[in-house]
Amino acid sequence: MNDTGRKPLLLVALGGNALIRKGQKGEINEQFQNLRTPLKQIARLSRRYRVIITHGNGPQVGALLLQQESTAGAPRLPLEILVAQTQGQIGYMIESTLDQELSELEPDNQQYLATLLSYVVVDEQDPAFHNPSKPIGPAFSREEAEKLPYRTVNTAKGYRRVVASPEPITIVEKREIRRLIEAGFIVIACGGGGIPVIREGRGFQGVEAVVDKDLASALLARETGVDVFVIATDVEGAALNYGKDNQEFLRRLTVSRARELLAQGRFPPGSMGPKMEAVARFLESGGKRGVICSIEAIADAVAGEAGTEIVGG
Ligand code: ADP
Ligand code: MG
C-alpha cells in the first residue's frame, strides 16, 4: 500500500441503475447482485488506481419518501435526512460488496475501505428552490401521475416526482476525503449528490433538496485532484437524437462541442444533461479525462475503449 501516492486517482460515479435495473422493483437481493457488475471492475481497477466511488440515490430516496407517506404515526423526516439515510444504506451495500469482490481477487485482501457521510454546500438563494427539476422515485404512467399529490416530470422512463436540485458549491469533507485517499483508502463519498446544506454562521443547516450526483461528483473530482472521471449509467454513453430513428452515439467529442450541444438543449435536464455538464466542468477546471459509459463497460471506458469520451479543446 505504500505506492498508493503514485497511482493516478480515479473517480467512478455510479448511477441508480447500478443497484436497480430497468424493470426491477428494487428488492434488496437484486440490488446486491446488480452491484457486483461495477464493483468487480472497480476491484480490479483499484490495483492500478486510487479510487473514489460516488453514487446516485434517486430510486432509493424516492422509495423512502413513499414509505414515510404511506405510514402514519412516525414523524415526517425532511428530505435532507432521507438523503443521509441513503448514504448509509447504499454506502453499506457498496462497501460490503466491494470488500467481497476484493477478497475474491485476492484472498488475503487488506484494502482499506471507508464510506463517508458527505455534506455539500448549496446557496439558499439558488433559483432551483423555486423550480424543481430532479426526478426521483419510481416511474408512473401519465394517468397514475395525474392523481399524485406532488409535482412530476415526464422522463424517458415515465412520469417521476421532481424535487429541487440546487447547484453544489463545495464538498464539506473534501479534506477528509483527500486524507483518506493519501492513506490508501478506497473512499465512498458524496452519496446521492451529498446531504444538501447551507452555511449558518460557523455551522451548517440541512435543506429540502437533492443535489445532482453527477454535478456533485464533478465538483468532488476537482476538489480532490482526480485524474480520470467516469460516470457509469444504464446506456453506453451520450447520443444525439436519443431514442429517435436517427439516434447517433457519440464516441468522442471536445469540450467545446459538448458546450455547443448543451447550449442547444440536446441533452435533457435531470438525466444526460447533468452528465455532459459534469464532465465538461471537470475538464474545464483542469481535469484530464472524462467518460460517460455503461455500468458494464467501466473498465473498458477507463482503457479508452468504450463510452462517450470528452476531451479538452
Ligand atoms: P443515472 O441514474 O445513471 O444518473 P439517469 O436516468 O439520470 O441515470 O440518466 C441516464 C438516462 O439518460 C438513460 O437511461 C437515458 O434514458 C437518458 N437519456 C436522455 N437523453 C439521452 C441522450 N442524449 N443520450 C443517452 N441517454 C440519454
Ligand atoms: Mg441521474
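This one's a predicted model, so the numbers in the text were calculated from it and none came from an experiment. In each ligand, atom 1 is the first atom listed, and ligand 1 is the first ligand listed.
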Are the side chain of Asp214 and the backbone of Pro274 linked by a donor-acceptor contact shorter than 3.5 Å?
no

Please state which protein non-hydrogen atom is closest to atom 10 (C) of ligand 1 and give its distance, to 0.1 Å?
Thr233 OG1, 3.3 Å

When you measure from the side chain of Asp227 to the backbone of Leu9, do you find a donor-acceptor pair of N or O atoms at a distance under 3.5 Å?
yes

Taking the side chain from Glu173 and the backbone from Tyr119, do they hold a donor-acceptor pair closer than 3.5 Å?
yes

Proximal atoms of ligand 1 relative to Asp234 (non-hydrogen, under 4.0 Å)
10 (C), 11 (C), 13 (C), 14 (O)

Polar side-chain atom of Gln41 near backbone of Thr37 as donor-acceptor pair, under 3.5 Å:
yes

Can you report which non-hydrogen protein atom sits closest to atom 6 (O) of ligand 1, along with the distance?
Lys157 NZ, 2.7 Å

Applying side-chain contact (heavy atoms from CB on, under 4.5 Å) to Ser256 and not counting sequence neighbours gives Thr254

How about Asp108: does its CG atom have over 12 heavy atoms from other parts shown lying under 6.0 Å from it?
yes

Is Gly16 in polar range of ligand 1, meaning some N or O pair under 3.5 Å apart?
yes

Using the test side chain to side chain donor-acceptor pair (under 3.5 Å), find all partners of Thr308 that sit at least two apart in sequence or belong to another chain.
none

Test of proximity, Tyr242 against ligand 1: N or O pairs below 3.5 Å
yes

Quick one: nearest non-hydrogen protein atom to atom 4 (O) of ligand 1, plus distance?
Lys275 NZ, 2.5 Å

Out of all atoms in ligand 1, which are within 4.0 Å of some heavy atom of Gly15? Include the element for each.
1 (P), 2 (O), 3 (O)

Measure the distances from the heavy atoms of Gly56 to every atom of ligand 1 and state whether one is below 4.0 angstrom.
no

Please check if the number of heavy atoms outside Arg199 that lie under 6.0 Å from its CZ is greater than 12.
no

Give yes or no for whether the N/O distance cutoff of 3.5 Å, strictly under, is met between Asp214 and ligand 1.
no

Among all the protein's non-hydrogen atoms, which is closest to atom 12 (O) of ligand 1, and how far away is it?
Ser271 CB, 3.4 Å

Work out whether the distance between some heavy atom of Gly273 and some atom of ligand 1 is less than 4.0 Å.
no

If the cut-off is 4.0 Å to any non-hydrogen atom of Pro268, which atoms of ligand 1 fall inside it?
19 (C), 20 (N)

Please identify which atoms of ligand 1 are closer than 4.0 Å to at least one heavy atom of Ala156.
16 (O)

Taking Lys244's backbone N and O only, do any of them form a donor-acceptor pair with Asn241's side chain (distance below 3.5 Å, no angle check)?
no

Are any of the N/O atoms on Ala239, whether in the backbone or the side chain, positioned under 3.5 angstrom from an N/O atom of ligand 1?
yes

